[in-house]
Protein chains: 2
Amino acid sequence: MQSQSPAAYIDSLRPAGSKRSSKRDLIVSVFLGQDGHLTADDLVDLIRKQDQRISRATVYRTLTWMEQAGIARKVDFGEGRFRFEHSYRHPRHFHLICKACNRSMEFLSSDIEQMIEEVAAARGFTVKQAVVQLYGLCEDCASGGRPAAPQASSESLFARDALRIAIATERSGREFYTRAASMTSNDRARTIFEQLSTSEDDHLDRLETRYQELLAEMPDLERQPQFLFFKGAASGLFSAGVEALKSVSSDKDALMIGIKCERGSHKFFKKYGEKFEDSEGKRIFLEFAEEEREHLELLIREYRVLTGKDRAGAGS
Amino acid sequence: MQSQSPAAYIDSLRPAGSKRSSKRDLIVSVFLGQDGHLTADDLVDLIRKQDQRISRATVYRTLTWMEQAGIARKVDFGEGRFRFEHSYRHPRHFHLICKACNRSMEFLSSDIEQMIEEVAAARGFTVKQAVVQLYGLCEDCASGGRPAAPQASSESLFARDALRIAIATERSGREFYTRAASMTSNDRARTIFEQLSTSEDDHLDRLETRYQELLAEMPDLERQPQFLFFKGAASGLFSAGVEALKSVSSDKDALMIGIKCERGSHKFFKKYGEKFEDSEGKRIFLEFAEEEREHLELLIREYRVLTGKDRAGAGS
DNA sequence: CTAGGTGCAAATAATTTGCAGAGGC
DNA sequence: GCCTCTGCAAATTATTTGCACCTAG
């Protein structure tokens, strides 16, 4: 399922002219073997369990090295020192930080990212890094201080949520094309809609199989909190199209609605897929974007045939 | 325009049993006289210009005191030290931080706050403080390193943007009630709509006058960047209602649309008004919320009369 | 007169740096 | 053998504390 092993990948990150070192390898592997947000000191303690002779300075230097190599990301929770988290195969994300138990949880919100882009655009600002940290009280602490459920890695959570969004989108897409096919008078258009409906159906099967596999690997996954937040995805990106279809009668209009939906979902999946670092969630998004692009082209071609026009509609 | 002078207000913040001190007064007034985000060291330098005999420790202690008194807010831009910004009459906000020139700009986004609340709710998390920091390159630095335009205080920017939102809302509200009045058959209902239309008109006048006054005080204000971001406000909170009115014929339905609009805008203005610390923008929002509440009550009463029902509609 | 407030210097805490030695290529 | 990595200790930076003195109420 993965294109190359983590070790080989990390190896490839090493800056030109730098050397392998068993100490550094140890530090990197201990770091990658841990899940939460470590301080430099936490890491020193962990590493000293395996090798007494590694100095704090080396850990600091390695941390800097990992940061530059894109393996680690420095995060500041306002404690007066930094923490480090995985960056490799780990999407960028935002944090919920409990002031009581000091744990931090991660989430991702395409909606917030969207707003951030709009603000930055309005100010002519180029965003390199976005920090969103919500400080407060977690559910456990608020309700009396439970220890905490064992939590899955955010990579799995991301894969799970990416699959959920993809599945919801396929479902609404299938509904859209089924409806469109049934209300179409033109033979060519109906064939296209039926074809697309079948395509969505096939892909839906694959996605659901993958979702079940994921659950089989980690039975706890469904009980874990939501990680990726994206409003448009709750009922699938085509659900607005399904609504719109109800008040439309011409095949041309139906095609145009389909084009808009595919364009929107292609854009969403491509944009967010590209943003993340290598991970299953990323691959799900990009694969999906590709599929939507094919559908989009098919629809546009058909629209041109139907209208005799050169270009398919304006719009964003 | 202000209920009491800053000095008197700050005086009232002094904890019980604490003494006046000219040193502290000096530090506080130097701090309040500066704009932007100062480090403790910046402040020491500034203060030493006026009095050589003030020690770093005192500045640190006063900073802590100001933080507790609500005059200053500690912000962390991940530089390994803290900066302090005004908190007194200065809304909570988010930051854009330029890595090149090290300047930081402020903005506010009700949209992002909204998303934050949704994420927190989904996770059962109680948010005490939200940090949103966008690191990157500002417009000036990206385009070749201009020094920077003199910037207005965020208090003025907030007042300006609050007025803009209020004005847009009044305008769309007036349009809504004018249309509603003209399409109403029932005499009582028409009277209500006309009355509300006039009320919006009056308030609109007052707001526009205040906006002009603000511009007169600070002619640069319109050239300053947007500070408060809120999507729903671009064309006024009633514009959806104006649209909805077009496809509705009964007076009852028109009243209900009005109720929904007033309820939504009352909620918005109240919620955000309450969030901010004392400032003109806050007062504009709260005053506005109050007006909307009155309209809302009037509409609900009328709806009850018209339908003979006990309660006015369900919904959020 | 007495509880704070203040300056000075020393303490702390996190991180960085200088330098000499160790080790991979 | 060269060049980078490493350990150790000392340096640096930001902030806090201890303590003797000062001052407003």
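Values below: all heavy atoms of this structure, side chains included; hydrogens, waters and symmetry mates excluded. Here is the naming used below: chain letters follow the sequence lines, and residue numbers restart at 1 for every chain.
Residues satisfying the salt bridge (charged side-chain N to carboxylate O under 4.0 Å, His left out) criterion with B/Asp161, sequence neighbours excluded, are B/Arg164. Looking at residues two or more places apart in sequence or on another chain, you find a ring pair (Phe, Tyr, Trp, His ring centres under 6.0 Å) between B/Phe230 and B/Phe268. Looking at residues two or more places apart in sequence or on another chain, you find a salt bridge (charged side-chain N to carboxylate O under 4.0 Å, His left out) between B/Lys275 and B/Glu113, B/Glu117.
One cannot find a donor-acceptor pair under 3.5 Å joining the base of C/dG4 and the side-chain atoms of B/Arg61.
For the pair B/Leu63 CG and C/dG5 C1', the interatomic distance rounds to 16 Å; values are reported in whole Å. The separation between B/Ile54 atom CD1 and C/dG5 atom P is 15 Å, rounded to whole Å. Rounded to whole angstrom, the span from the CG atom of B/Asp51 across to the C1' atom of C/dT6 amounts to 11 Å. One interatomic measurement links the two molecules: CG of A/Asp25 to C1' of D/dT6, which rounds to 14 Å at whole-angstrom precision. Distance B/Asp76 CG to C/dA14 P: 15 Å, rounded to the nearest Å. Regarding B/Lys23, its NZ atom lies at a distance of 14 Å from the P atom of C/dG5, rounded to whole Å. Spacing between atom CH2 of B/Trp65 and atom P of C/dG5 amounts to 9 Å, rounded to whole angstrom units. Rounded to an integer number of Å, the gap from CD1 of B/Ile47 to C1' of C/dG7 is 14 Å.
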Expected rows: protein N/O vs nucleotides 13-15 of chain D N/O, under 3.5 Å:
unit_1	atom_1	unit_2	atom_2	d
D/dA14	OP1	B/Arg81	NH1	3.4
D/dT15	OP1	B/Phe82	N	2.9
D/dT15	OP2	B/Tyr60	OH	2.7
D/dT15	O5'	B/Tyr60	OH	3.3

With 3.5 Å as the limit, what N/O pairs link the protein to nucleotides 21-25 of chain C?
unit_1	atom_1	unit_2	atom_2	d
C/dG24	N2	A/Lys19	NZ	2.8

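Taking the six-membered ring for Trp, B/Phe276 and B/Phe158 have ring centres closer than 6.0 Å.
There is no side-chain donor-acceptor pair under 3.5 Å between B/Gln133 and B/His95.
Under the ring-ring contact (aromatic ring centres under 6.0 Å, His included) criterion, no residue pair touches residues 113-135 of chain B, with sequence neighbours excluded.
When the options A/Phe77, A/Phe84, A/Phe82 are evaluated for a ring-ring contact (aromatic ring centres under 6.0 Å, His included) with A/His37, the one that passes is A/Phe77.
Comparing D/dT17, C/dT6, C/dT17 against the side chain of B/Arg24 picks out C/dT6 as the nearest.
A sub-4.0 Å separation between OP1 or OP2 of C/dG7 and a side-chain N or O of B/Ser55 is present.
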**Test log, rule salt bridge (Lys or Arg N to Asp or Glu O under 4.0 Å), inputs B/Arg103 and B/Asp140** = CA-CA 11 Å; B/Arg103 274 181 303 152; B/Asp140 294 338; 3.2 Å; yes
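Side chain of A/His93 to main chain of A/Leu228: no donor-acceptor pair is present (N/O by atom type, distance under 3.5 Å, no hydrogens or angles).
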